[in-house]
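Below is one structure; the comments refer to it alone.
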Amino acid sequence: MARAERTVSEEIPAPPDAVRDFYVDLENIKRIHPLVVAVRATDRKETGVGYVQSYRVQDRIPLGPLHLRISYVARLQVPEVGDVTADAFQFPRVRLHTRVSFEPIETGTRITEHMRIDAPRALAAMTVREA
């Protein structure tokens, strides 16, 4: 197994609440991630301080001239305010854990995603690149 940690940040010309609302609806990922082909909400649990939303996600992974379709579970923990955390569990033993913050800036919102990626060594480079 290999582990990598990455942080990415982007400035979005929209207010933090609107950016956060867009982010926590995982159905929107199809609009911004080129590998995602389908997203289906599967479960939602209220926590008293927010909620946990689970999804089944289907990706199309490029393998040379072929595309391999894979499905995985993604779970978002969405507190009423503050950072959103997410976990994705994918075969074979790939796990992505993220923490996303939504910082107000003069021009809108700075969204920062801290990622921890665990994957079998043979898949690590591709998994980190696509995450």
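Note that the structure is a prediction, hence the values are computed from the model and not measured.
Of the inter-residue distances, the one linking Glu113 atom CD with Thr7 atom OG1 reads 9.0 Å to the nearest 0.5 angstrom. Arg3 contributes atom CZ, which lies 10.0 Å from atom NE2 of His97 (distance to the nearest 0.5 angstrom).
Between Glu5 and Arg116 there is no salt bridge, since no side-chain nitrogen of the basic residue lies less than 4.0 Å from a carboxylate oxygen of the acidic one. Using a 4.0 Å cut-off between a side-chain N of Lys or Arg and a carboxylate O of Asp or Glu, Asp83 and Arg99 qualify as a salt bridge. Remark: Arg93 does not engage Asp118 in a salt bridge, criterion side-chain N to carboxylate O under 4.0 Å.
In this structure, Thr112 contributes its side chain and Ser9 its backbone to no donor-acceptor pair below 3.5 Å. Of the possible polar contacts, none joining the Gln90 side chain to the Val73 backbone as a donor-acceptor pair under 3.5 Å is found. With hydrogens and angles disregarded, no donor-acceptor distance shorter than 3.5 Å links the side chain of Arg56 to the backbone of Ala74.
Annotation: cation-pi geometry satisfied between Arg44 and Tyr51 (NZ/CZ under 6.0 angstrom from ring centroid, within 45° of ring axis).
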**Message:** side chain to side chain donor-acceptor pair (under 3.5 Å), that's the test. Do Arg75 and Gln53 meet it? Break it down for me.
**Reply:** CA-CA 6 Å; Arg75 188 172 306 119; Gln53 178 72 56; over 6 Å; no
**Prompt:** Could you go step by step and tell me if Thr98 and Thr85 meet the side chain to side chain contact (heavy atoms under 4.5 Å, CB included) rule?
**Reply:** CA-CA 5 Å; Thr98 64; Thr85 59; 6.0 Å; no
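Linking Ile, Leu, Val, Met, Phe, Trp and Tyr whenever their side-chain heavy atoms come within less than 4.5 Å puts Ile29 and Val19 in one cluster. Placement of Ile70 and Val39 in two distinct hydrophobic clusters is found when ILVMFWY residues are connected by side-chain heavy-atom separations under 4.5 Å, directly or transitively.
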